[in-house]
Participant: 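Got a structure for you, questions after.
The chain is numbered in sequence order, starting from 1. Keep in mind the model is a prediction, meaning the values are calculated, not measured.
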Amino acid sequence: MTAKTILITGAGSGFGKGAAIGMARNGHSIIATVHVSSQVTPLREEVAALGLSDKIRVERLDLTDPYDIKQAQKWDFDVLWNNAGMGEAGPVWEIPIELVRRNYEVNVFLPLQLTQGVVQRWVREGKKGKVVFTSSMGGLFTPANWGTYVSTKHALEAFAEAMQQELAAYGIKVQTINPGAYYTGYNETMADNPFRWLDDAVNFTKRADLRKGFDDFFATPEGRMDPQEMIDRMIEIVPADTGKFRNVVPKKIEDMLRNHQLAAWDNQI
């Protein structure tokens, strides 16, 4: 594998940060972008302490800022990894619609806007690059009370599958990565979000019942998996010239999703 220059969104923490460091140690050049300005200097200092300043460039890329997007679209890189995202949880039949719209804006529309500008430039220049989307195990099935977030990942799956076909003639590759519920703090924070608006005096879904459901899931082994396993796979997948279009990790989650999709054909109302 030749050394790549890789732009990562959402590299301030979690998978993005861990994989950025790992890929830099493997010889790749990383543009690690973070959501807010206050994350830039601490990450630059951490990169310097690791002796990786020559391999990792830290920049702010707030997807909600159109000037940040325009600037990033001008940078020179071989792989665009759309990793940034946020999530709204809670019952779909009661969640405020403005929260659903915002989740789609951050997880779907803004990454698509960034990606369109990048791949259109690549096509004009004849560059054979690669686009990777961080989807989710939730991009392939829908558990109750996670419907808003996972529906954004369903949308990313559709866009990625379409782009894989549309861009193949230009030599541009497209992949998704579908992590299980690794214990990065991302899912746990998402599970807190409904309690901003859920009101026992107004809503049918009761706060204590929803909290118990979330807590019960996070208490299972499937809800507390070590994220280093996923980071190690991302370090391999993102820069690779070959590989599967869809990458579900770990294998037991891939098997679960395959069985779920087969069972969906016999699901009864």
Side-chain angles (χ1 to χ4, degrees), residues 1-37 39-44 46-48 50 52-86 106-135 156 159-160 163-164 167 170-177 179 230-231 233-241 243 247:
M1 186 194 308
T2 57
K4 304 290 198 311
T5 299
I6 301 164
L7 170 64
I8 308 173
T9 66
S13 61
F15 294 141
K17 178 180 174 182
I21 293 168
M23 289 188 292
R25 286 174 170 158
N26 285 349
H28 300 288
S29 296
I30 308 299
I31 306 174
T33 71
V34 298
H35 175 59
V36 293
S37 298
Q39 294 176 293
V40 174
T41 297
L43 185 54
R44 285 176 178 168
E46 183 174 349
V47 165
L50 293 169
L52 293 172
S53 295
D54 61 330
K55 287 294 182 182
I56 300 179
R57 166 184 155 197
V58 181
E59 301 283 357
R60 190 193 72 178
L61 172 48
D62 178 355
L63 290 175
T64 66
D65 185 329
Y67 295 98
D68 278 12
I69 287 183
K70 287 178 182 177
Q71 176 178 243
Q73 288 169 337
K74 297 175 184 176
W75 294 336
D76 185 28
F77 48 89
D78 306 301
V79 180
L80 169 61
W81 181 12
N82 288 294
N83 175 66
M86 54 84 64
V106 173
N107 285 13
V108 182
F109 300 135
L110 293 174
L112 178 61
Q113 181 181 347
L114 173 63
T115 301
Q116 283 183 339
V118 169
V119 297
Q120 288 171 23
R121 194 187 92 201
W122 285 351
V123 168
R124 284 194 299 271
E125 297 174 352
K127 184 180 181 70
K128 294 175 170 55
K130 178 180 173 183
V131 179
V132 182
F133 292 93
T134 299
S135 178
L156 278 185
F159 281 149
M163 278 192 280
Q164 185 196 25
L167 293 171
Y170 300 100
I172 296 172
K173 298 174 181 178
V174 181
Q175 272 182 311
T176 69
I177 299 177
M230 185 74 251
I231 290 168
R233 290 289 292 121
M234 287 170 160
I235 290 167
E236 298 171 355
I237 293 165
V238 173
D241 296 317
N247 298 270

Participant: Report the C-alpha distance between T9 and W81 in whole Å, list the side-chain angles of each, state the deciding distance to 0.1 Å, and finish with yes or no for side-chain hydrogen bond (donor to acceptor under 3.5 Å, both in side chains).
Facilitator: CA-CA 7 Å; T9 66; W81 181 12; over 6 Å; no

Participant: Show your reasoning for whether side-chain contact (heavy atoms from CB on, under 4.5 Å) applies to L63 and I69.
Facilitator: CA-CA 6 Å; L63 290 175; I69 287 183; 4.3 Å; yes

Participant: Counting N and O atoms only, with roles assigned by atom type, does the side chain of K173 sit under 3.5 Å from a partner on the main chain of D241, one being a donor and the other an acceptor?
Facilitator: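 Indeed, once roles are kept as given, a pair shorter than 3.5 Å links the two residues.
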
Participant: Side chains of P179 and T134, heavy atoms from C-beta outward: is any pair under 4.5 Å?
Facilitator: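 When only atoms from C-beta onward are counted, T134 and P179 do touch, with a gap below 4.5 Å.
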
Participant: In Å, rounded to the nearest 0.5 Å, how long is the span from CZ of R124 to CD of Q120?
Facilitator: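 R124 CZ to Q120 CD: 6.5 Å, rounded to 0.5 Å.
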
Participant: Is there a side-chain contact between S135 and I177, using heavy atoms and a 4.5 Å cut-off?
Facilitator: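 S135 does not reach I177 side chain to side chain.
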
Participant: Do the side chains of W75 and L7 get nearer than 4.5 Å, heavy atoms only?
Facilitator: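 L7 reaches W75 side chain to side chain.
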
Participant: Please find the pair of heavy atoms, one from D76 and one from T5, that lie closest to each other, and give the distance.
Facilitator: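 Residues D76 and T5, closest heavy atoms: O-CG2, 3.6 Å.
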
Participant: For a 4.5 angstrom cut-off between non-hydrogen side-chain atoms, does V132 reach V174?
Facilitator: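 Result no, sub-4.5 Å side-chain heavy-atom pair not found.
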
Participant: Restricting to non-hydrogen atoms, name the atom on Q39 and the atom on H35 that form the minimum distance, rounded to 0.1 Å.
Facilitator: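 In terms of heavy atoms, the two residues are closest at OE1-N, 3.1 Å.
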
Participant: Is the backbone of D62 close enough, under 3.5 Å, to the side chain of D68 for a donor and an acceptor to pair up by distance?
Facilitator: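 Checking the backbone N and O of D62 against the side chain of D68, a donor-acceptor pair under 3.5 Å is found.
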
Participant: Any side-chain heavy atom of M163 within less than 4.5 Å of one from F159?
Facilitator: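 In short, these two side chains touch, coming nearer than 4.5 Å.
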
Participant: State, with a plain yes or no, whether a side-chain heavy atom of K130 is found less than 4.5 Å away from one of L80.
Facilitator: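 Not in contact.
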
Participant: Between R57 (side chain only) and I30 (backbone N and O only), is there a donor and an acceptor less than 3.5 Å apart?
Facilitator: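 A pair under 3.5 Å: no.
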
Participant: Once salt bridge (charged side-chain N to carboxylate O under 4.0 Å, His left out) is applied, what residue pairs with a partner in residues 25-35 remain, sequence neighbours excluded?
Facilitator: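 Found none.
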
Participant: Can you name the closest pair of heavy atoms from Q73 and G117 and give their distance?
Facilitator: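 Minimum heavy-atom separation between Q73 and G117: NE2-CA, 3.4 Å.
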
Participant: At what distance, to the nearest 0.5 angstrom, does CD of Q71 lie from CG of D65?
Facilitator: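 Answer rounded to 0.5 Å: 9.5 Å.
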
Participant: Does V58 offer a backbone N or O that forms a donor-acceptor pair with the side chain of R44 under 3.5 Å?
Facilitator: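 Confirmed, R44 side chain pairs with V58 backbone.
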
Participant: What are the two closest non-hydrogen atoms of I8 and G16, and how far apart are they?
Facilitator: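 Looks like CD1-O, 4.1 Å.
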
Participant: Taking all non-hydrogen atoms of both residues into account, name the closest pair between H28 and K4 and its distance.
Facilitator: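 For H28 and K4, the tightest heavy-atom pair comes out as ND1-N, 2.9 Å.
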
Participant: Is it true that D78 and K127 make a salt bridge, defined as a side-chain N closer than 4.0 Å to a carboxylate O?
Facilitator: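 Yes.
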
Participant: Within the structure provided, determine whether I235 and I231 are in side-chain contact (heavy-atom separation under 4.5 Å).
Facilitator: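 When only atoms from C-beta onward are counted, I231 and I235 do touch, with a gap below 4.5 Å.
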
Participant: Rounded to the nearest 0.5 Å, how far does CE of M23 lie from CD1 of I237?
Facilitator: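 Reported to 0.5 Å precision, the distance equals 10.5 Å.
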
Participant: Is there a side-chain contact between E59 and I31, using heavy atoms and a 4.5 Å cut-off?
Facilitator: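 When only atoms from C-beta onward are counted, I31 and E59 do touch, with a gap below 4.5 Å.
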
Participant: Please check if the side chain of N83 supplies one atom and the backbone of G10 the other of a donor-acceptor pair under 3.5 Å.
Facilitator: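 Yes; judged by distance alone, with no hydrogens or angles, the pair exists.
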
Participant: Would you say T176 and N247 are linked by a side-chain donor-acceptor pair, where the criterion is simply a distance under 3.5 Å?
Facilitator: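 Not at all, the side chains of N247 and T176 share no donor-acceptor pair under 3.5 Å.
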
Participant: Work out which heavy atom in N82 is nearest to a heavy atom in F133; give both atom names and the distance.
Facilitator: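 Nearest heavy atoms, N82 then F133: ND2-CE2, 3.4 Å.
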
Participant: Do any N or O atoms from the side chain of K128 and from the backbone of Y170 form a donor-acceptor pair under 3.5 angstrom?
Facilitator: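 Checked: no pair found.
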
Participant: Let me confirm one number: the CD1-CD distance from I56 to E46, rounded to the nearest 0.5 Å.
Facilitator: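 Atom-to-atom, I56:CD1 and E46:CD are 8.5 Å apart.
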
